[in-house]
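Here is the naming used below: chain letters follow the sequence lines, and residue numbers restart at 1 for every chain.
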Amino acid sequence: MTLYILLALLNGTVIGTSRAINGRLSVEAGPFKASLWNHVVGFLFLSLLLLALGDWRFQAVPAPPLAAYLGGFFGALFVAVNSYVFPRLGAMNAALLVISGQMIAAVLMDYRNQGVAPSPIRCLGVAIVLLGIYLTRVSKSAPKKDKAP
Amino acid sequence: MGRSKDWLLAVAGGALLALMINYNSLLARHTTPMFASWVAHGLGAAAAFVLVGVYATVLRPAGAGAPAVRAKAPLWFYLGGIPGTLTVILAAITVNSSLSLSGTISFMLVGQVIFGIVSDHFGLFRTPQRKIVASDFLVALLVLTGSALIIYGRA
């Protein structure tokens with residue numbers, strides 16, 4: 001259990017690393033090119049891994065619905081948006097605001113998919129997240145200038 | 001001040017991320033997490049290619065010079081996609097452990113916030129350095145507490 005907790009924590013820092021690097025590239029090349037590089041490099045890297053494992057699943061049974069292929073489109077937009085805001089907001093605020101949006105959207109998507117109103121505990125969670133976002137707005141130390149010359 | 005726009009964009013980005021995860025996990029349930037991620041990266045590359053083109057031809061004001069990549073940009077600037085794919089593999093491991101999906105998401109969120117604090121403090125990966133103040137910890141606590149209630153408060 002402890003090992004898996006550490007792995008999941010490590011995974012959070014791996015995500016942060018990816019976003020920091022993409023954010024850095026965005027400053028040089030623009031957010032859309034940063035997203036393009038992220039996806040091309042990731043695609044090539046995963047191709048090598050899948051070749052090594054021989055674990056292709058082209059003939060999935062049952063066939064996935066068409067909507068299952070929408071993820072890449074939202075991913076391309078997400079990486080562009082996140083790469084743009086990351087250097088402007090700083091790593092921590094970018095992470096906290098993205099988490100907030102992600103969590104609130106998850107509640108809304110569950111509501112839409114299941115047609116059941118979110119539980120009182122979830123509503124309380126959304127309220128606390130919103131309070132957190134509000135506090136990021138009012139208590140801010142703006143990022144210092146890029147220390148790179 | 002561009003702050004409000006950045007702030008709104010980041011929250012909207014979170015919603016895009018939730019949509020991405022929603023559709024990707026649908027594909028992963030029919031295949032494997034790694035294959036689903038491979039497909040998503042391929043289609044995402046195509047989508048990003050179109051976005052680059054649209055931005056260059058339509059959105060950019062005429063006459064503005066291209067933001068040319070400076071020659072000194074080191075190779076690792078282009079490799080953010082590699083840790084991005086490792087995330088999917090690590091998550092597949094922990095989701096299938098006793099942590100399950102909720103535990104995996106929770107600890108990944110905590111890990112992201114810890115990374116954010118350390119990265120801002122030291123300016124890791126040549127990102128802007130930012131002093132962490134006491135209220136930052138309060139904000140982190142609120143967002144993580146609220147997220148935990150959302151993750152575990154599913155009716």
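In this structure, the side chain of A/S47 engages the main chain of A/F43 through a donor-acceptor pair within 3.5 Å. In this structure a side-chain-to-backbone donor-acceptor pair under 3.5 Å is present from A/R24 to B/R126. Distance alone, capped at 3.5 Å, is enough to place a donor-acceptor pair between the A/T136 side chain and the A/G132 backbone. A donor-acceptor pair is defined here as one N or O able to donate and one able to accept, closer than 3.5 Å; no such pair exists between the side chain of A/D110 and the backbone of A/V107. A donor-acceptor pair under 3.5 Å is formed between the side chain of B/Q129 and the backbone N or O of B/H121. Remark: side-chain polar atoms of A/N82 are not paired, donor with acceptor, to backbone N or O of A/F78 under 3.5 angstrom. Using a distance-only test at 3.5 Å, with no hydrogens or angles considered, no donor-acceptor pair links the side chain of B/D6 to the main chain of A/V85. A/S18 contributes a side-chain N or O that, together with a main-chain N or O of B/G80, makes up a donor-acceptor pair within less than 3.5 Å. Between the side chain of B/S147 and the backbone N or O of B/V143 there is at least one donor-acceptor pair closer than 3.5 Å. Side-chain atoms of B/N96 come within 3.5 Å of backbone N or O of B/A92 as a donor-acceptor pair.
Chain A forms more heavy-atom pairs under 4.5 Å with one residue of B/A36, B/A47, B/A45 than with any other, namely B/A45. In terms of heavy-atom pairs under 4.5 angstrom with chain A, the leader among B/S106, B/S119, B/S97 is B/S97. Chosen from A/M103, A/R57, A/Q114, the residue pairing most often with chain B at heavy-atom distances under 4.5 Å is A/R57. Across A/A34, A/P65, A/G23, the residue that shares the most heavy-atom pairs under 4.5 angstrom with chain B is A/P65. Contact count versus chain B (heavy atoms, under 4.5 Å) is highest, among A/V40, A/L10, A/V79, A/L77, for A/L77. Note: B/L99 leads B/V110, B/L99, B/I117, B/N24 in heavy-atom pairs under 4.5 Å with chain A. Contacts with chain B were tallied for A/D55, A/L131, A/V129, A/T17; A/T17 has the most, counting heavy-atom pairs under 4.5 Å. Between chain A and the residues B/I82, B/T104, B/I151, B/L79, the most heavy-atom pairs under 4.5 angstrom are made by B/I82. When the candidates B/T94, B/L90, B/T87 are compared by the number of heavy-atom contacts under 4.5 Å with chain A, B/T87 comes out ahead. Of the listed residues A/L53, A/I104, A/L130, A/N22, the one with more heavy-atom pairs under 4.5 angstrom with chain B than any other is A/N22. Ranked by heavy-atom pairs under 4.5 Å with chain A, the first of B/D120, B/L141, B/T145 is B/D120. Residue with the most contacts toward chain B among A/I15, A/L7, A/V81: A/I15 (heavy-atom pairs, distance under 4.5 Å).
Proximity to chain A (any heavy atom under 4.5 Å) is restricted, for B/V39, to the side chain, taken from C-beta onward. Heavy-atom distances place the side chain of A/M109, and not its backbone, under 4.5 Å from chain B. Both the backbone and the side chain of A/Y4 come within contact range of chain B, each with at least one heavy atom under 4.5 Å from a heavy atom of that chain. Heavy atoms of A/F58 lying under 4.5 Å from chain B belong to its backbone as well as its side chain. Proximity to chain A is limited to the side chain of B/I89, based on heavy atoms less than 4.5 angstrom apart. For A/A80, no part lies under 4.5 angstrom from a heavy atom of chain B. Neither the backbone nor the side chain of A/P120 comes within contact range of chain B, judged by heavy atoms closer than 4.5 Å. Contacts between A/Y69 and chain B at a heavy-atom distance below 4.5 Å involve backbone atoms as well as side-chain atoms. Neither the backbone nor the side chain of A/L3 comes within contact range of chain B, judged by heavy atoms closer than 4.5 Å. Neither the backbone nor the side chain of A/A127 comes within less than 4.5 Å of any heavy atom of chain B.
Minimum heavy-atom separation, A/G71 to B/M20: O-CG, 3.4 Å.
By the neighbour-count criterion of 12 heavy atoms within 6.0 Å, atom CZ of B/F107 is sparsely surrounded, having that number or fewer from other residues, nucleotides or ligands. Counting heavy-atom neighbours within 6.0 Å of B/F137 CZ, excluding the residue itself, gives a total of 12 or less.
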